[in-house]
Protein chains: 2
Amino acid sequence: MTAAPPRRRASGRVTLDDVARAADVSPITVSRALRGERAVDPALVARVREAADRLGYVPDPAARALASRRSTHVAVLIPMLSNALFVDLIEAVQRTLRPAGYQALIGVTHYDDTEEAVLLREQLLHRPAGLLVTGIDRPAATRSLIAQAGVPCVHMMDLAPADAGLYSVGMSQAEAGAAMTRHLLARGHRRVAFAAAQLDPRTLQRLQGWRRELTAAGLYEPTLEWLNPAPSSIALGGRMFEQVIGQRPSIDAVFFCNDDLAQGALLAAVRHGIRVPDDIAIAGFNDLTGSDQMVPPLTTVRTPRAEVGAAASVMLLALMRGEHVERPVVDLGFELVPRGSV
Amino acid sequence: MTAAPPRRRASGRVTLDDVARAADVSPITVSRALRGERAVDPALVARVREAADRLGYVPDPAARALASRRSTHVAVLIPMLSNALFVDLIEAVQRTLRPAGYQALIGVTHYDDTEEAVLLREQLLHRPAGLLVTGIDRPAATRSLIAQAGVPCVHMMDLAPADAGLYSVGMSQAEAGAAMTRHLLARGHRRVAFAAAQLDPRTLQRLQGWRRELTAAGLYEPTLEWLNPAPSSIALGGRMFEQVIGQRPSIDAVFFCNDDLAQGALLAAVRHGIRVPDDIAIAGFNDLTGSDQMVPPLTTVRTPRAEVGAAASVMLLALMRGEHVERPVVDLGFELVPRGSV
DNA sequence: CTGTTAGCGCTTTCAG
DNA sequence: CTGAAAGCGCTAACAG
């Protein structure tokens, strides 16, 4: 009785075994040599490397994921791609993760907690090696989903409390809001409105910063708050600005929570022949593309999103290697950018 | 000599075998029932489904990819995330692919053929189930890389020649460029410049459309072309506009290849006190966010990128299922949007 | 229509 | 420091 003829599904692909045979070592040694895991004789490593290069060997991610229960994917959750802020963030993340052999899986939550939870669950099935999420505030269920996943996670664009046991790279949104408010006050503005859309957690923190400073100056009034849960956009900024000047002509400055709103306001001002900053000052947030080209150029706060994306990725890379991270909370600060609109 | 005791690495995960045991069928039947592949007795399907649901079974993508040599990933290659056009495209792609169980792997080429080839090679290692790329024109090496990959591919935002054997969903960039040019001529403009940045293939096709119409009208002159290979941006649009009016005051209209350039030009015009369209008309392309808010509102061409993303994904879905696609080339057209700037 | 068997290509576990 | 054996969880191939 001879054994049934082997029916191979030969893929034509160069496998670890091929390399092992070529280098005359066992497959596991190839695996270890190539991954740099455990100590392997330098001479063997060189031989294996040479053979792998010669044969054009490339590890199969699926096989690797199956055997190790860990993929080369990093799930990245951001609220919105149409906010240029997150495009810069994503670009930096990709630029850092790719050379290290990781693939970013981008999930867009549309600022929706439920959608974020769904995306998270989906991504977790793919056994990502790491997780990059935007912000700290989220429902307890989602927080524990992340904690239970057993996957390292770094939070971006905000700072976790030091005792939360979370990793985060970002800046204080409240401080940034406060800084711009102080700038407006320092420039002599007294009735400083705060106009916001979307109302996501970070926006609300900026609102807190504004409130704090205005209250400290004895200038706070609830009627100075213009909050709109609709998605932020240039068009909405124009409409909100028209509301403000129509309903409260005494307001002499508007601090918009995002540059797109402020840009829309600036354009509306041009349309209505309102002089900025003489009639009214306008400030934005994030220093998005085009803000420096507005007429007048928009005073804003530059947020270090590219730096955040890069630093968060570097931190995640360390965590994925199982390394200890000295500073789990990294504050990258912000920069007030005074231009002509204030 | 007894065999070594089985050392299970029990992952705690519910596997296909668990479901098979619970439903009292063989694993392969579970596999087939759940995938709807091949005919399986409806009664068995129901039993398997019930067991799977009860146990909370979720297939492991890595195991599936390894065994079938096909993942649930779709590689999506776009030139740039900072062009809002592609954000809309990506959003539509994700919205179509995700419910069908596919994950979009986004690769950004930065309008670079080499980077595109590198990304393609990387993605192909992950054995994507499908491929979505931007545009038709690319080096022969990259084209054959795609052809050799044995993975269905749909091209977006441009139309392949009918006999190329390629799948594409988009619109004629040249026709769109021509249409805007005719509009400018119809509005009485005679010295119509074409200003472009980036100079990617689709931009150059729009240039061709403009050339054709201007030549037909006997108005073509090489000095009317303002081509700049730098990345497109609002700031660059402003600078290019200043060049045009500084060096060729006789030009009475500028057709920008993208809205961000045109927006920058419009802002520069406000800055310089140039009246648009009285002194000079300005036209854009793509109808990006904010174009309708400019002063005056920007005349542009609306490109159906969301529709393209959705239709291309639907076509790819069919191809991935191995279905025959009736119309491999789908022209979704474009729409001239006359506003105040012309 | 259902099952058996043999892998996919890699890494883990346990020894040496 | 190196290796042998045993899967990871699933599907392709080949029967029946």
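In what follows, chains are A, B, ... by sequence order, proteins preceding strands, each numbered from 1.
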Can any side-chain N or O of Thr142(B) pair as donor or acceptor with the backbone N or O of Arg138(B) at less than 3.5 Å? no
Would the distance check show the side chain of Asp18(B) and the main-chain N or O of Thr15(B) forming a donor-acceptor pair, the cut-off being under 3.5 Å?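 Checking the backbone N and O of Thr15(B) against the side chain of Asp18(B), a donor-acceptor pair under 3.5 Å is found.
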With respect to the phosphate group of [N], does any side-chain polar atom (N or O) of [X] fall under 4.0 Å of OP1 or OP2?
{"X": "Ser68(A)", "N": "dT11(C)", "answer": "no"}
{"X": "Thr29(A)", "N": "dG3(D)", "answer": "yes"}
{"X": "Ser31(B)", "N": "dT11(D)", "answer": "yes"}

Stepwise salt bridge (charged side-chain N to carboxylate O under 4.0 Å, His left out) check, Asp60(B) with Arg127(A): CA-CA 9 Å; Asp60(B) 182 320; Arg127(A) 306 176 176 292; 3.2 Å; yes
Locate the shortest heavy-atom distance separating Val169(A) from Ala312(A); write the atom from each residue and the value.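 Taking Val169(A) first and Ala312(A) second, the nearest heavy atoms are CG2-CA, 3.8 Å.
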Measure the distance from [atom1] on [X] to [atom2] on [N] and round it to the nearest whole Å.
{"X": "Arg64(A)", "N": "dG9(D)", "atom1": "CZ", "atom2": "P", "answer": "18 Å"}
{"X": "Leu16(A)", "N": "dC8(C)", "atom1": "CG", "atom2": "P", "answer": "13 Å"}
{"X": "Leu55(A)", "N": "dG9(C)", "atom1": "CG", "atom2": "P", "answer": "15 Å"}
{"X": "Arg127(B)", "N": "dG9(C)", "atom1": "CZ", "atom2": "C1'", "answer": "9 Å"}
{"X": "Leu34(B)", "N": "dC10(D)", "atom1": "CG", "atom2": "P", "answer": "10 Å"}
{"X": "Arg13(A)", "N": "dG9(C)", "atom1": "CZ", "atom2": "P", "answer": "7 Å"}
{"X": "Arg70(A)", "N": "dT12(C)", "atom1": "CZ", "atom2": "C1'", "answer": "14 Å"}
{"X": "Asp17(B)", "N": "dG3(C)", "atom1": "CG", "atom2": "C1'", "answer": "14 Å"}

Candidates [options] - which lies nearest the side chain of [X]:
{"X": "Leu44(A)", "options": "dG9(C), dT11(D), dT2(D)", "answer": "dT2(D)"}
{"X": "Asp41(B)", "options": "dT2(D), dG9(C), dC1(C)", "answer": "dC1(C)"}
{"X": "Ile28(B)", "options": "dG3(C), dG3(D), dG9(C)", "answer": "dG3(C)"}
{"X": "Arg32(A)", "options": "dG3(C), dT12(C), dC10(C)", "answer": "dT12(C)"}
{"X": "Tyr57(A)", "options": "dG9(C), dC10(C), dC10(D)", "answer": "dC10(C)"}
{"X": "Asp60(A)", "options": "dA13(D), dG9(C), dG9(D)", "answer": "dG9(C)"}

Pro59(B) near the nucleic acid: base, sugar-phosphate alone, or nothing, with a heavy-atom cut-off under 4.0 Å? sugar-phosphate
May I ask you to say what Arg35(B) touches in the nucleic acid, namely base, sugar-phosphate or nothing, with a heavy-atom cut-off under 4.0 Å?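 The residue Arg35(B) makes sugar-phosphate contact but no base contact.
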Which is more 5' along DNA chain C, the nucleotide nearest Ala63(B) or the one nearest Pro27(B)? Just name the residue. Pro27(B)
Acceptor/donor pairs from residues 86-98 of chain A side chains to any protein atom, 3.5 angstrom cut, sequence neighbours excluded:
| unit_1 | atom_1 | unit_2 | atom_2 | d |
| --- | --- | --- | --- | --- |
| Asp88(A) | OD2 | Arg305(A) | NE | 3.0 |
| Asp88(A) | OD2 | Arg305(A) | NH2 | 3.2 |
| Glu91(A) | OE1 | His110(B) | NE2 | 2.8 |
| Glu91(A) | OE2 | His110(B) | NE2 | 3.4 |
| Thr96(A) | OG1 | Ala92(A) | O | 2.8 |
| Arg98(A) | NE | Glu122(B) | OE1 | 3.3 |
| Arg98(A) | NH2 | Glu122(B) | OE2 | 3.2 |

Under 3.5 Å donor-acceptor pair, Arg69(B) side-chain atoms to dG9(C) base atoms: no
Selection residues 118-159 of chain A - residue pairs positive for ring-ring contact (aromatic ring centres under 6.0 Å, His included), sequence neighbours left out: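 Applying ring-ring contact (aromatic ring centres under 6.0 Å, His included) to every pair that reaches into residues 118-159 of chain A, excluding sequence neighbours, yields His126(A)-His73(B).
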